[in-house]
Amino acid sequence: MKCSQYNVKVFEIGIEDPETFLKFLEANRALLGQHLLSIHGEMTEEIYDFLESNSLHYVLNMTLPQAKRGVQRFRMLRSEEEEKALEERSTSAEHSSDTVAKEETPSLPKELAEVRDWLRKKRGKSPEKEAQKKETETSEEALSASDEEFPKAPPLKIVKQALRSGQSVRYDGSLLLTERINSGAQVAALGSVIALGPVEGNISSTGECVIVPPIRRGTLLFHGRTIENDALIHPLNKITFVDDQVVIQPINKKEFH
Amino acid sequence: MSKVIAVISGKGGVGKTTTTANVGLGIARNGRQCVVVDFDIGQRNLDMILGLENRVVYDMVQVMDEEARLDQALIRSKANSNLYFLPASQTKDKSVLESEKIEKLLKDLRKRFEYVILDAPAGIESGFEHTIEFADEAIIVVNPEVSSIRDSDRAIGILDSKSRKGKEGGEVKKHLIINRVDPGMVERGEMLATDDILEILSVDLLGIVPEDKGVIDASNQGHPVVLDDESEAGAAYRRIAKRLCGERIPLVEPQVKKESLVGKLKGLFR
Ligand SMILES: Nc1ncnc2c1ncn2[C@@H]1O[C@H](COP(=O)(O)OP(=O)(O)O)[C@@H](O)[C@H]1O
Ligand SMILES: [Mg+2]
């Protein structure tokens, strides 16, 4: 008997008003194509046609087993606000200023590669050693794949002093910086970076998001891509990946409460 | 209570030595016992600005190495009897500085003087960390230029992390002097404005000194501008000295000189 186990990402949505539902599907078609849609509510013919003609995978009114962390995490990501943001983005998809990504192959920025190596050293693993280990462990890993996918993140680190020229903060988790980041200062995080003070130094992150005010002089690298300063037009900008595109959205105050 | 104040900057040539001489003399004129120490070994020009270069016999390093007594090396200023000067070594280089010896020297100076002012080498040089190590306070001198601000920012970072006070979880009290401000250029937006500088450095402003050709002449003559009642830069240094002595003196932003009508007309026909 042939048997395999793998994880699927489930996107849970309810049909309240068929028209808005269809609009949402249309706007997010590309993204939804990578998910299993778990739809709750009453199906209409239009919705059915749309799902079929776009080859979307879906189940209707089904209670799926709750893979503890996986589903929860996903739900968190796609909270109401997130969905709204997604909608906003798709309605303004033509405005290229909202979707800014320099066309370059996203590679790990140098600082981050260094952080990663440093971490490996700290944990007593050299990059080569780890690669070897991976090979021998694949079978085991396949079984614990869901655990492996959500490793315990280090706690959020809060930096409450201004970073001056020549000073740097490197961290393997997410960073919250409440004060200025001056010209010549360096911030590198494997997780997200939230900077609330003026940014004139360099930030790089490979986390879920970066939140920054407009940047006049510093450089922002998000997963190795340079984010143009001109694109940061909001008082606070949230930079994320949606569907492999860099998306910049305003942060509404609500999200902080 | 005596205090050790280091005069620092990111790069050289911004006016640390000029500031040390004028502020030291200003403090002495307020009736306080003050000593200025030249920590910029190898550069040594504080003696010249104070007009004391011919009086140098012993230097700071000889005192630290106990080749000379402190009172033998200290030189009293001609301009004010409350001011003393301790010269840098001319012959030795910066590597001679050792923490324990510096600590001992500063301890001895604290016993005699209310204000011990150290003229530091630039923030990028090796002697810098020794100058700030035992400081209670620091005067940061900047010019209103982006590069000067940035280098000073770096120096402040070193001050916070390498000073004894910083290492013990405290903080060296910081004052900012913006030197060589040309009000006309600020007005035209060609220089960084005071507010921008303060925001970047997050340090309290001690004073603003205008660009003044008199400063250079005065230095060459060994007669610092603080002694010149007519000089605007001198007035700025006098206010700074008073603030350091605890007086509350309002800040004065240098103003563009209003040209007289005749001057304006002359300009028109030039
Ligand atoms: N306010 C000023 N106006 C004009 N010239 C100045 C002023 N302050 C300093 N200078 C000149 O700038 C030069 C460098 O000053 P100095 O005090 O030797 O700097 P540092 O000790 O930081 O290297 C000197 O020639 C000095 O006369
Ligand atoms: Mg000097």
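Reminder, nothing fancy here: chain letters follow the sequence lines and each chain counts from 1.
- Residues A:Glu179 and B:Ser202 form no side-chain contact, since every pair of their non-hydrogen atoms from C-beta on lies 4.5 Å or further apart.
- Between A:Glu200 and B:Ile200, the closest side-chain pair of non-hydrogen atoms falls below 4.5 Å.
- Taking all atoms of both residues into account, the shortest heavy-atom contact from B:Arg150 to A:Gly184 is NH2-CA, 3.6 Å.
- Nearest heavy-atom pair, A:Arg164 versus B:Val203, reported as atom, atom and distance to 0.1 Å: NH2-CG2, 4.3 Å.
- Within 6.0 Å of NZ on B:Lys162 lie no more than 12 heavy atoms contributed by other residues, nucleotides or ligands.
- Under a cut-off of 6.0 angstrom, the local environment of NZ in B:Lys107 is sparse, with at most 12 non-hydrogen atoms contributed by other residues, nucleotides or ligands.
- For chain A, the nearby part of B:Asp160 is the side chain; its heavy atoms alone come within less than 4.5 Å.
- Other residues, nucleotides and ligands place more than 12 heavy atoms under 6.0 Å from the NZ atom of B:Lys174.
- What you find for A:Leu163 and B:Asp153 is that their closest heavy atoms are O-OD2, 4.5 Å.
- Separating the OG atom in A:Ser165 from the CD1 atom in B:Ile156 is a distance of 10.0 Å, to the nearest 0.5 Å.
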